[in-house]
Protein chains: 2
Amino acid sequence: MEYFSQPMSTEPKLSFKQQQLIVRENAIVDATNQLLAKKGFDLMTMDEVAAEVGIAKASLYKHFPSKEALAAAAMIQLLENTLAFVRGLPADQAAIDQLKSVLQWALLTRMKGGLPTLPAENTSLRETLLNNTRYINRLMDLNELMGELIEKARAEGAIHKDLPTDVVLFTIYARSCDPTLDYLRMNEQYNEEQVIDFLITTCFNGLH
Amino acid sequence: MEYFSQPMSTEPKLSFKQQQLIVRENAIVDATNQLLAKKGFDLMTMDEVAAEVGIAKASLYKHFPSKEALAAAAMIQLLENTLAFVRGLPADQAAIDQLKSVLQWALLTRMKGGLPTLPAENTSLRETLLNNTRYINRLMDLNELMGELIEKARAEGAIHKDLPTDVVLFTIYARSCDPTLDYLRMNEQYNEEQVIDFLITTCFNGLH
DNA sequence: GTCTATACCATGATAGAC
DNA sequence: GTCTATCATGGTATAGAC
């Protein structure tokens, strides 16, 4: 199954053991992503991850050498999912609508419990991520793609010319982990769609 | 000195010991506020607070029964400072400009290292705060004052009529702990004034 | 009320059997 | 590679002398 789903692989022949290992590691990363989104890096414990996956804590350390490395793997997976979404956007759409789609997708993902709020923390995780070339490469790819969209949207008159590209970029990123979403959800006065609409509207009106 | 600065007190006569105690507790709360802003509740340790104040850790527990209670005291002080600022706003100013002043003040305070980023965490601190009547009362006072300003600004045409008051309120609150500030500061491409201007502009344009 | 010293516990990480 | 059992660290909170 893994074989047929990856026909482009140069080494398609994976033993049953290897396949099992991949499945297990995916399960670990998924559980990590959920817990990371729910509690953040510091409050997430390795015991919880192990319990969620259903394995012993020591087994985690056979797959990932440290808590930071595990979280980094989860963050990389998240980045790759984001990249896949951005690359799959319809090219004939207006750039500003593509940007809105990205934010909408991020907010929906977060509501489903799959997007860790990563502020600019001074934690050990940050250092690990900055030293991870794979993470940095993915991040630079994403920044480049988003930067192109932003400049196209500005050329189309949808973004104010006085706002630098990086300011717009950071603003959109920050909106994806905006605590306003949690506040409004706690209120229970608006449904999920309305909450997302409020966030997208106030964000992009502010950039226009 | 404490005596003369509080002439309205019903029990003005404070012994030297009592004055000293107040000064000490203020120092503790100030140090807590700084560390809270710098590292957040979870990463802040009681050892650090004690070291910053210059007393033994055990002495902290003579003043505050727990880490949560200490943080709550700091949060209350912050709320009271905010209330004092809002109450001191020039009443003849347009409501929208008063709101902008509040956000500007909050962002300046945060840049000086005095405003803890308090997301809607699932931590023990949240429960403590919700059970603290003094905190809750101050928070309700602030919400009411800000709510009045928002409705006045809407009546004056500065805020979009389709945006509910609580959505506007949460959006402004969220902007005061926006990670965009940290990102742009790390860039070092813009000075502090420019960064604050970007945040205020994009925020209130989005609400218009 | 402040100090030194310590109890107690949660958690990240590891050893060693299977 | 997975498990049980354990270590080491660091952090909250407290005891007891002064």
Side-chain angles (χ1 to χ4, degrees), chain A residues 2 14-32 35-36 38-75 116 121-129 131, chain B residues 2 14-29 31-32 35-36 38-75 121-129 131:
Chain A
E2 198 68 40
L14 291 179
S15 73
F16 178 71
K17 282 271 184 188
Q18 285 171 313
Q19 293 177 37
Q20 219 178 19
L21 183 120
I22 291 177
V23 169
R24 168 91 31 123
E25 294 210 339
N26 281 342
I28 294 174
V29 170
D30 285 344
T32 303
L35 286 169
L36 223 45
K38 187 176 166 191
K39 321 184 68 173
F41 179 72
D42 300 309
L43 269 62
M44 177 190 84
T45 71
M46 295 299 266
D47 293 85
E48 286 171 319
V49 178
E52 181 77 21
V53 180
I55 61 174
K57 179 167 57 170
S59 303
L60 282 184
Y61 283 91
K62 298 288 182 179
H63 293 273
F64 300 94
S66 70
K67 185 183 178 184
E68 285 78 14
L70 174 56
M75 301 295 303
E121 303 178 53
N122 295 330
T123 168
S124 55
L125 177 59
R126 183 171 174 74
E127 203 175 351
T128 303
L129 286 176
N131 288 335
Chain B
E2 200 67 39
L14 291 178
S15 73
F16 178 71
K17 282 271 183 187
Q18 286 171 313
Q19 293 177 36
Q20 217 176 20
L21 184 119
I22 290 177
V23 170
R24 167 92 32 126
E25 294 210 340
N26 282 342
I28 294 175
V29 171
T32 304
L35 285 168
L36 222 45
K38 188 177 167 191
K39 321 185 66 173
F41 179 73
D42 300 309
L43 270 62
M44 178 190 84
T45 72
M46 296 297 266
D47 293 83
E48 287 171 319
V49 177
E52 181 75 22
V53 180
I55 61 176
K57 179 168 55 169
S59 302
L60 281 184
Y61 284 90
K62 298 287 181 181
H63 293 273
F64 301 93
S66 69
K67 184 183 177 182
E68 283 81 12
L70 175 57
M75 300 297 301
E121 304 179 51
N122 297 329
T123 169
S124 55
L125 177 59
R126 182 170 176 75
E127 205 176 349
T128 303
L129 287 175
N131 288 335

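Every chain is numbered from 1, with letters handed out A, B, ... down the list of sequences.
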Subject >> Qualifying residues under salt bridge (charged side-chain N to carboxylate O under 4.0 Å, His left out), relative to A:Lys62, sequence neighbours excluded >> reply: none

Original post:
Can you tell me how far C1' of C:dA10 sits from CE of A:Met44, to the nearest Å?
Top reply: 15 Å

**OP:** Using a cut-off of strictly less than 4.0 Å, decide whether B:Tyr61 has a side-chain nitrogen or oxygen near OP1 or OP2 of D:dT14.
**Re:** no

**OP:** Identify which one of B:Thr32, B:Thr128, B:Leu36 satisfies the side-chain contact (heavy atoms from CB on, under 4.5 Å) criterion when paired with B:Leu70.
**Re:** B:Thr32

Subject >> Between C:dA10 (P) and A:Asp42 (CG): distance, integer Å >> reply: 18 Å

**OP:** Using atom CG of B:Leu125 as one end and atom P of D:dT12 as the other, report the distance to the nearest whole Å.
**Re:** 13 Å

Subject >> Closest listed nucleotide, where the reference is the side chain of A:Glu68 and the choices are C:dT11, C:dA13, D:dT12 >> reply: C:dA13

Original post:
Just how far, in rounded Å, is C1' of D:dT12 from CZ of B:Phe64?
Top reply: 16 Å

Original post:
Rounded to the Å, how far apart are A:Lys39 NZ and C:dA10 C1'?
Top reply: 12 Å

Subject >> Distance (rounded to the nearest 0.5 Å) between B:Phe41 CZ and A:Asp42 CG >> reply: 12.5 Å

Please enumerate all protein N or O atoms sitting under 3.5 Å from an N or O of nucleotides 2-4 of chain C, with distances to 0.1 Å.
| unit_1 | atom_1 | unit_2 | atom_2 | d |
| --- | --- | --- | --- | --- |
| C:dT2 | OP1 | B:Arg24 | NH1 | 2.9 |
| C:dT2 | OP2 | B:His63 | NE2 | 3.0 |
| C:dC3 | OP2 | B:Ala56 | N | 2.6 |
| C:dC3 | OP2 | B:Ser59 | OG | 2.8 |

Subject >> Separation of atom NZ in A:Lys67 from atom P in C:dG12, rounded to whole Å >> reply: 4 Å

Original post:
Atom CG in A:Leu35, atom CG in A:Leu43: separation rounded to 0.5 Å?
Top reply: 11.0 Å

Original post:
A:Gln20 CD to D:dG1 C1': how many Å, rounded?
Top reply: 10 Å

Subject >> Closest nucleotide among C:dG12, C:dG1, D:dT12 to the B:Leu21 side chain >> reply: C:dG1

Original post:
Please give, in whole Å, the distance from C:dG12 P to B:Leu43 CG?
Top reply: 13 Å

**OP:** Measure the CG-CZ distance between A:Asn26 and A:Arg24 for me, rounded to the nearest 0.5 Å.
**Re:** 12.0 Å

**OP:** Measure from the side chain of B:Ser66, starting at C-beta and using heavy atoms only, and say which of C:dG1, D:dA13, D:dT12 lies closest.
**Re:** D:dA13

Original post:
Would you call A:Asp30 and A:Glu52 a side-chain contact if the rule is heavy atoms closer than 4.5 Å?
Top reply: no

**OP:** Look only at the side chain of B:Lys67 and the backbone of B:Leu125, and say whether a donor-acceptor pair between them is shorter than 3.5 Å.
**Re:** no

